[in-house]
2 protein chains.
Amino acid sequence: MATISDVAKLSGLSKTTVSRVINNHPYVSDKKRERVLKAMKELGYIPNPSARRLRGQLTTTIGVIVPRIVNPFFAHLVNSIEQAAYKKGYQMLIGQSYEDKEKELAFLNLLKTKQVDGIIMTSTENDWDIIESYNEYGPIILCNDYINQEVAPMIRLDQTKGAYLGANHLIERGHQKIAYCTGGLFDEQGKGKDRNQGFQKALSEAGIKINPKWIFIDQHTIEDGKHVLRQILEMEDRPTAIFTGSDEVAGGIIIEAKEHGLLIPNGLAVIGFDDQPIAEILDPKLTTIRQPVDLMGERSIEVMVELLVNPEMEIRNYELPIELIVRKST
Amino acid sequence: MATISDVAKLSGLSKTTVSRVINNHPYVSDKKRERVLKAMKELGYIPNPSARRLRGQLTTTIGVIVPRIVNPFFAHLVNSIEQAAYKKGYQMLIGQSYEDKEKELAFLNLLKTKQVDGIIMTSTENDWDIIESYNEYGPIILCNDYINQEVAPMIRLDQTKGAYLGANHLIERGHQKIAYCTGGLFDEQGKGKDRNQGFQKALSEAGIKINPKWIFIDQHTIEDGKHVLRQILEMEDRPTAIFTGSDEVAGGIIIEAKEHGLLIPNGLAVIGFDDQPIAEILDPKLTTIRQPVDLMGERSIEVMVELLVNPEMEIRNYELPIELIVRKST
DNA sequence: TAATTATATGAAAATGATTTCATGTTCTTG
DNA sequence: CAAGAACATGAAATCATTTTCATATAATTA
C-alpha cells in the first residue's frame with residue numbers, strides 16, 4: 001500500500017501539504033493541490049484509517065447493537081441504519097447482544113478503544129448506570145428501546161399510544177376479555193412499561209378489569225406464540241382477543257389456532273406489533289401496530305452525525321409516529 | 001484512557017516489558033509479569049487497537065458482505081457467522097452490497113486499509129478478476145455464493161443436487177409441466193448456473209422438455225412471487241408445478257394464489273429454496289430445499305481463522321449437505 | 001573454567017497519519 | 001510605503017503500540 005510519504009515523494013511536496021489536500025485544508029495553492037491529487041490517483045493511495053484514528057481522528061465507523069439480527073424487525077432497523085450510514089460515508093459494525101449483559105459490554109468496549117465513533121443501541125440489557133460509564137468515550141444513542149430519563153438522545157416511538165390504539169381497537173370491536181402478551185418481564189422499564197400503561201389505560205377507560213391469568217410475559221418467537229395459544233385452549237374461561245408485543249408471537253398464535261381449528265378472528269381476535277412482512281403473509285392477515293423502522297434508522301444516523309460534529313449538542317428525544325394497521329385478524 | 005506508558009510507569013518497568021506481557025512473549029520473569037498485570041488491572045488498561053493495527057497486528061475484525069440483511073436467509077447466515085466469530089474473539093463488520101458493484105468494492109477496500117483481517121463474501125457482484133486484486137491484502141473467502149474455479153476457499157452447497165432433488169420430487173408427484181423461477185439471470189455463473197443444471201438434468205432424465213415461457217428470471221421478493229403468479233394465471237397453457245429459487249418468492253406465489261382462489265398444491269404445486277421460517281408459516285406449509293445455514297457460518301469462521309494463522313494454507317472447497325424437506329405445498 | 005546459549009530487560013526506531021511551530025511570501029490597509 | 005494580516009509551505013513532534021538492537025545476567029556445555 002502506498003503511504004502519504006510515497007505521495008509526497010512522487011509529487012515532490014511535503015507530507016504536510018499532502019495531508020492538507022486530503023483533509024481539504026484551505027491554505028493549499030491550486031497548482032500543488034493538482035499535483036498531489038494526480039500523485040494520489042497514480043498510486044491508488046488510500047489514507048490508512050488506523051493511523052488517522054491514532055491521531056484522534058474519527059473512525060467513520062458506527063457500532064450498532066441489536067438483540068438478534070434474525071428478528072426481522074431488527075434486520076429492517078439495521079438495514080435502514082446501514083443505508084443511512086453509507087450515504088454519509090460511515091461503516092457499520094454490528095454486534096448481537098443475544099440479551100446477554102456480557103456481550104453488550106464487550107461491544108460497548110469498542111467505544112473505549114476508539115474502534116467506533118459512537119454506538120446506537122436498539123436494546124439495552126445492562127442498567128443505564130453501567131452503560132453511562134462508556135458515554136465519556138463517545139456518543140451513545142438509543143433507538144427503539146429507551147429509558148425514562150433524558151440521559152442520552154433517544155429515537156423513540158410513543159409506545160404508550162401504540163398499545164393504547166391497539167387495545168382500544170379490540171374494545172371497539174366489542175371485546176371485553178382481552179389477553180396481553182409481552183416480550184419483556186412485567187415490571188420492566190422503558191418500552192415494555194409504556195406499552196403496559198397504554199394497554200391498561202385503554203382497558204380502565206372502558207371499565208374493563210384485567211385478568212392476571214391472561215397475562216403472558218417473556219414471549220418472543222413464533223414458537224412462544226404457539227405455546228401461548230395452547231395454554232389459552234386449556235383455560236376454562238378463555239379470552240376472546242389477545243394483544244401481543246410482536247408480529248412473530250401473533251403469527252405463532254394464528255398458526256397454532258389453525259392447527260386446532262380455532263377460527264381467527266371469530267374464535268380469537270389477534271393483534272400484533274411491528275408490521276413486519278409476516279403480517280401480510282399470515283392467513284388471516286394480521287392487524288398490527290406499525291413502527292416506522294426506516295425513519296428510525298435514518299433519524300438515528302442524522303442525530304449521531306450531528307453529535308459527532310458537535311458533542312455539546314443538547315440531548316433530547318425524537319418521537320416518531322406510530323400507527324394502527326387494521327387487517328383481517330381482528 | 002490509560003496507555004502502555006502509564007502501565008510502564010506504574011509498574012516501574014519499560015514499555016517493552018509491558019508489551020511482552022500483553023502479547024505473552026516468553027522472556028518475562030513471573031515477578032515482573034505479575035507487577036505488569038496488577039498495574040494493568042489497576043488502570044483498567046486496554047491496548048489501543050488503532051496503534052496495534054498500525055504496527056501491522058491483526059484487527060480481530062472480520063468483514064462480511066451480504067446483498068441485503070433483510071433477506072432472512074442472509075440474516076440467518078450473518079447470525080451464525082457472528083456467533084462463531086464472537087466465540088473466537090472476533091468482531092464482525094457488515095456491509096450490504098445491495099447488488100451494487102461500487103458498494104461491494106467500497107467494502108473490499110476495508111481489507112486494503114487493514115480495517116478487517118479478512119472478508120467473507122456471501123455474494124459476489126464484481127467479476128473474480130477484480131475481487132482477486134484485493135486478495136493480496138488479506139484472505140477472502142466465499143460462503144454460499146461461489147465461482148467455478150478453485151481460486152479462494154469456498155463454503156458451498158451442492159446446488160446442482162439441491163435443484164435436482166426438488167425437480168425430481170415434482171416429477172415423482174406426476175408433474176410434467178414445470179415452471180422455473182430463479183433469482184439470477186439465466187446465463188449467470190456459480191450458484192444459479194448449477195441450480196439451472198440440476199433442474200435441467202432432472203427434467204431431461206424424465207424426458208420432459210422445458211417450456212421457455214415458464215422460465216422467470218431475476219425474481220427475489222414476495223412481491224416478485226405475486227407477480228409471477230399473476231403472469232401464470234394469464235397463460236393459456238399453464239404449468240402445474242413451479243420450482244422457485246427462494247422461499248420468499250414461493251411465499252408470494254402461494255399468497256397470491258389464495259387471493260385468486262387457485263388451490264395449492266392441486267392447482268399448482270410450489271417448491272421453495274432455503275427453508276426459512278416463512279416456510280412453516282405459509283398455508284399450506286412449503287416444501288423446500290434446506291440449506292444448512294448454521295453450519296455454513298461456523299465453517300466459514302473456522303476456515304477464516306485457520307487462514308489468518310497460516311496464510312499459505314491449501315485452498316479448497318468445503319461442501320455441505322443439502323436436503324429436501326417435503327411439506328404440504330407439493 | 002571458559003565459551004556458548006538461553007533468559008530478561010530496556011532504549012530507540014518504526015508504523016502512517018495529523019498538528020504544531022517556524023518561516024517565507026503576498027496582499028491589505030492606514 | 002511600512003506594518004500587520006492572510007496565505008502557503010515544510011520540518012519535526014505526536015499519537016500508542018510493536019519490533020529491533022543492544023546489553024546484562026543466568027544456565028548450560030565443552
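Sequence lines set the chain letters: A, B, ... in the order given, protein chains first and strands last, and positions in each chain run from 1.
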Any chance the side chains of A:Tyr134 and A:Asn126 put a donor and an acceptor closer than 3.5 Å?
no

Go through it in stages, so that I can follow the logic: the residues are B:Glu125 and B:Lys101, the test is salt bridge (charged side-chain N to carboxylate O under 4.0 Å, His left out), and I'd like the CA-CA distance, side-chain angles, deciding distance and then a yes or no.
CA-CA 5 Å; B:Glu125 303 304 329; B:Lys101 293 187 182 191; over 6 Å; no

Would you classify [X] as touching base, sugar-phosphate or nothing, given that sugar-phosphate means primed atoms plus P, OP1 and OP2, and contacts are heavy atoms under 4.0 Å?
X: A:Thr16; result: base
X: B:Ser19; result: base
X: A:Pro49; result: nothing

Nearest whole Å is fine: how far is [N] [atom2] from [X] [atom1]?
X: A:Asp30; N: D:dA8; atom1: CG; atom2: C1'; result: 12 Å
X: A:Ile22; N: C:dT19; atom1: CD1; atom2: P; result: 11 Å
X: A:Lys31; N: C:dT26; atom1: NZ; atom2: C1'; result: 14 Å
X: B:Leu54; N: D:dA16; atom1: CG; atom2: P; result: 12 Å
X: A:Ile4; N: D:dA11; atom1: CD1; atom2: C1'; result: 14 Å
X: B:His25; N: D:dT17; atom1: NE2; atom2: P; result: 18 Å
X: B:Arg33; N: C:dA8; atom1: CZ; atom2: P; result: 9 Å
X: A:Tyr27; N: D:dA6; atom1: OH; atom2: P; result: 7 Å

Which residues in residues 36-48 of chain A have at least one heavy atom lying under 4.0 Å from any atom of DNA chain C?
A:Tyr45, A:Ile46, A:Pro47, A:Asn48

Given the structure, check if the side chain of [X] and the base of [N] hold any donor-acceptor pair shorter than 3.5 Å.
X: B:Ser5; N: D:dA16; value: no
X: B:Lys15; N: D:dT17; value: yes
X: A:Arg20; N: D:dG10; value: yes
X: B:Thr17; N: C:dA8; value: no
X: B:Arg55; N: D:dT18; value: yes

Please confirm whether A:Arg299 makes a cation-pi placement over A:Tyr318, using NZ or CZ under 6.0 Å from the six-membered ring centre and within 45° of the ring normal.
no

Choose from [options] the nucleotide whose nearest atom is closest to any side-chain atom of [X].
X: B:Val28; options: C:dT18, C:dT9, D:dT20; result: C:dT9
X: B:Lys32; options: C:dT9, D:dA16, D:dT9; result: C:dT9
X: A:Leu13; options: D:dA16, D:dG10, C:dT18; result: D:dG10
X: B:Arg52; options: D:dT17, C:dG10, C:dT19; result: D:dT17

If only side-chain N and O atoms of A:Ser50 are considered, is one of them under 4.0 Å from the OP1 or OP2 phosphate oxygen of C:dG16?
no

For C:dG10, take OP1 and OP2 only and decide whether either is under 4.0 Å from a side-chain N or O of B:Ser14.
yes

B:Glu99/B:Arg68 under salt bridge (charged side-chain N to carboxylate O under 4.0 Å, His left out): CA gap, chis, key distance, verdict
CA-CA 8 Å; B:Glu99 285 134 37; B:Arg68 22 171 58 92; 3.1 Å; yes

Determine, step by step, whether A:Ser14 and A:Thr17 satisfy the side chain to side chain donor-acceptor pair (under 3.5 Å) criterion, reporting the C-alpha distance in whole Å, the side-chain angles of both residues, the deciding distance to 0.1 Å, and the verdict.
CA-CA 5 Å; A:Ser14 72; A:Thr17 303; 3.3 Å; yes

Donor-acceptor check, side chain of B:Asn48 to backbone of B:Ala51, threshold 3.5 angstrom: yes or no?
yes

Grab the two heavy atoms, one from B:Leu320 and one from B:Met296, that are nearest each other, plus how far apart they are.
CD1-CG, 3.5 Å

Can you confirm whether A:Lys9 is buried at NZ, in the sense that more than 12 heavy atoms of other residues, nucleotides or ligands lie under 6.0 Å from that atom?
no

